[in-house]
J.: 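I am attaching a structure below and will ask some questions about it afterwards.
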Amino acid sequence: MRKIFGYVGKYKIYAILTPITVALEVLLEILIPFFMANIIDIGVKNGDMVYIAKTGGIMIAMALLALFFGAISGKYSAVASAGLAKNLRSALFKKMQSFSFSNINNFNTASLITRLTTDIASTQHAFMMIIRMLVRSPVMLIGATYMAIKINATLAIIFLIAIPVLGISLMTIAIKAYPRFGVMLKKYDKMNLAIQENLIAIRVVKSFVRGKYEEEKFEFSADDVRKAQVRAEKLIILNNPIMQIVMYTCMICISYFGANMIIAGNMHQGQLMSFISYVTQILTSLMMISMASVMLVMSRASITRINEVLDEEIDIKDDNASENNDVKDGSIEFENVNFSYKKGKNLVLKDINLKINHGETVAIIGGTGSAKTTLVQLIPRLYDADCGSIKIGGIDVKDYKKETLRKNVSMVLQKNVLFSGTILENLKWGDKNATEEEIISVCKDAQAHDFITSFPDGYNTMLGQGGVNVSGGQKQRLCIARALLKKPKILILDDSTSAVDTETDKKIRTAFKKNKDITVIIIAQRISSVIDADKIIVLDDGKINAVGTHETLLSENEIYQEIYSLQNNQV
């Protein structure tokens, strides 16, 4: 909780003023019953209308001041808690942006979204409770208890016995309920994951007529959330009946013993009324503490989940990298590189030694699961090797700042991603300051210009979420154009022309050949896509099986021969 409060930032002044104004409001409320008792025991008893009017005026002024401080504290607490939520969301999102692929693998997307929304909203409410209700309640409890004891210490014993009974009950409920709310939030994650998958794959769902199945799956997830909520909250709801029992028992006892004291002449009527008001304040403050405890129990699980993201250790850092290192050229060298997704366990890449010269076009080919994608992801440090070194331009990738390295390495992934907005806005991800001529040039190289200009709005055509209103091949070509616009030293195409026809694929490769200042790495399944490469790397089970030209491999390498034969027969 202390760590979370550190994100209040510039809203700290409101967080400080809130408890101050709350305390002033409560102190005024505590004094009002004292003056009320004096009106009855002095003014009414003596028939002194001047005293009644004067004291009544003071009470009205105090009530108005209490109202003012209450309104101000409400405003300040709202500003402080909303500011905390804003800063937390920003910090969480910023931390996610710094995640490596390994870090991302530790959380699923639905869980991260829940943490950014539901968990932060819960934390926001808890923070508001702490700076307002958890200040108001203790101040009122202490102040009202002091005034009640001052009026009649003997009668005060009744609620002094009740307070520890309530405290033990509430603490027991809170301890028992906390783990149940943690389970409930995990159920929320599962439900959000079902929603996300269904929305992303809605076309697949409809094409396979699996709507009914998805409905049943979601209903099952929603029911799991319901059960978890009921299990958690059936403990929490015990707070209110326990409070009510204790409260009304105290009131009955105080009324009975207080009336006897008045009859015996040990207490005045005004004092009893004032005492009952203070007891009401005490029990109300305890009820507010109870409500705040419920909210804190619920939010504690959320705060833990938020801290899990904030405390996640980023495994790819560039703290020791030099600011002065710049990528001079696109030469790449792997030296004795091993890699596993779980450090040291089940090696995915084994003893990789490879040298690629600047300006070369290099192809990587191999069967499914041969670690082709994994190999190229080590180049821009999307993952770090377990051992060995990877050099670009003669310098170890770990000696570059990540931003410098990745600005010089463009990567078109297997899963092409476009964002909501115009085609032009998507292309400018490569270079926000690119000129119209530069944009058209890269689009022509990527064979995208013609289909873009065929749209009524051309480059200003709006793309739906994920580029749903363009075909798979068009999406691939837009992603290639975007990557080229970065003017990288190294361009990596991870099976990124699989959805285009062979003629278009050939034109794209021809365009790459013209630019000798870029090292191009192509991962492909089709021999026709790699046949013109300067060298072809054959991967097999995470190892380099062979390196050579198309002609060399076709005459000497069995794996390459088999792939070629299969594809040739298919033709």
Side-chain angles (χ1 to χ4, degrees), residues 1-5 7 81 84-85 88-89 91-93 95-96 99 102-130 133-134 166-200 213-243 289-313 342:
M1 185 71 80
R2 193 181 301 113
K3 181 175 182 177
I4 294 294
F5 287 174
Y7 288 91
S81 59
L84 170 70
L88 259 183
R89 284 194 186 96
L92 226 60
F93 190 78
K95 185 63 180 277
M96 291 174 195
F99 279 1
S102 296
N103 294 126
I104 293 169
N105 292 340
N106 293 333
F107 304 90
N108 65 56
T109 307
S111 176
L112 291 173
I113 292 171
T114 305
R115 292 169 204 240
L116 272 168
T117 52
T118 304
D119 288 336
I120 286 183
S122 177
T123 304
Q124 178 182 348
H125 294 316
F127 180 70
M128 186 184 290
M129 286 271 192
I130 288 169
M133 193 175 289
L134 284 186
L166 271 176
I168 293 169
S169 301
L170 297 179
M171 184 64 70
T172 303
I173 290 171
I175 291 170
K176 295 279 188 183
Y178 167 67
R180 298 188 181 190
F181 279 102
V183 172
M184 182 192 76
L185 288 168
K186 288 181 180 177
K187 298 292 185 182
Y188 263 115
D189 288 347
K190 189 175 179 181
M191 183 179 72
N192 286 342
L193 181 62
I195 295 169
Q196 182 191 24
E197 286 181 340
N198 185 266
L199 292 175
I200 291 172
Y213 169 79
E214 289 295 321
E215 287 173 15
E216 290 173 356
K217 189 170 79 171
F218 177 76
E219 189 174 336
F220 180 79
S221 296
D223 194 52
D224 266 357
V225 172
R226 179 192 64 80
K227 288 176 181 175
Q229 283 178 322
V230 170
R231 187 169 181 273
E233 291 177 13
K234 72 181 180 183
L235 275 179
I236 294 296
I237 58 175
L238 293 175
N239 276 351
N240 198 46
I242 292 171
M243 284 294 307
I289 289 172
S290 170
M291 291 170 60
S293 299
V294 171
M295 179 57 72
L296 288 175
V297 168
M298 294 173 66
S299 63
R300 185 184 164 195
S302 293
I303 290 167
T304 301
R305 284 156 54 84
I306 291 169
N307 277 325
E308 284 175 357
V309 178
L310 294 174
D311 293 339
E312 175 74 7
E313 184 69 26
K342 293 182 179 179

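All values reported here derive from a predicted model rather than from experimental measurement.
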J.: Might you point out which heavy atoms bring Ala222 and Met191 nearest each other, and give the distance in Å?
T.: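 Heavy atoms of Ala222 and Met191 come nearest at CA-SD, 3.9 Å.
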J.: Looking at every non-hydrogen atom in both residues, tell me the closest pair between Ser302 and Thr123 and how far apart they are.
T.: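 That closest heavy-atom pairing would be CB-OG1, 4.1 Å.
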J.: For the CD atom of Glu219 and the CG atom of Asp224, what is their distance to the nearest 0.5 Å?
T.: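 Interatomic distance, Glu219 CD to Asp224 CG, rounded to 0.5 Å: 11.5 Å.
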J.: Please give me the minimum heavy-atom distance between Arg231 and Arg180, naming the atom from each residue.
T.: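 Looking at all heavy atoms of both residues, the closest pair is O-NH1, 2.8 Å.
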J.: Show the nearest heavy-atom pair for residues Glu312 and Asn106, with the distance to one decimal.
T.: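 The answer is OE2-ND2, 2.7 Å.
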J.: Go through the steps for Arg89 and Leu92 under the test side-chain contact (heavy atoms from CB on, under 4.5 Å), then give the verdict.
T.: CA-CA 5 Å; Arg89 284 194 186 96; Leu92 226 60; 5.7 Å; no
J.: Check whether more than 12 heavy atoms from other residues, nucleotides or ligands sit under 6.0 Å from atom NZ of Lys186, and answer yes or no.
T.: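 No, not enclosed.
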J.: Please determine if Glu308 and Arg305 form a salt bridge, counting it only when a charged side-chain N lies under 4.0 Å from a carboxylate O.
T.: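 No, Glu308 and Arg305 are not salt-bridged.
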J.: Using the six-membered ring wherever Trp is involved, compare the ring planes of Phe5 and Phe127 and label them parallel, tilted or perpendicular (cut-offs 30° and 60°).
T.: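 Phe5 vs Phe127 ring planes: perpendicular.
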J.: Could you tell me the separation between the OG atom of Ser81 and the CD1 atom of Ile130, rounded to the nearest 0.5 Å?
T.: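 The distance works out to 11.0 Å.
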J.: Within this structure, what is the CD-CD distance for the pair Glu214 and Glu216, rounded to the nearest 0.5 Å?
T.: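 Between atom CD of Glu214 and atom CD of Glu216 there are 10.0 Å.
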J.: Between Lys187 and Ala228, which heavy-atom pair has the shortest distance, and what is it?
T.: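 Heavy-atom minimum between the residues: CG-CB, 3.9 Å.
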J.: Hey, is NZ on Lys95 packed in by over 12 heavy atoms from elsewhere, all under 6.0 Å?
T.: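 Yes.
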J.: Between CG of Leu112 and OG1 of Thr117, what distance do you get to the nearest 0.5 Å?
T.: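 The OG1 atom of Thr117 is 10.5 Å from CG of Leu112, to the nearest 0.5 Å.
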J.: How far apart are the closest heavy atoms of Ile120 and Leu116, and which atoms are they?
T.: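 What the structure gives for the nearest pair is CD1-O, 3.7 Å.
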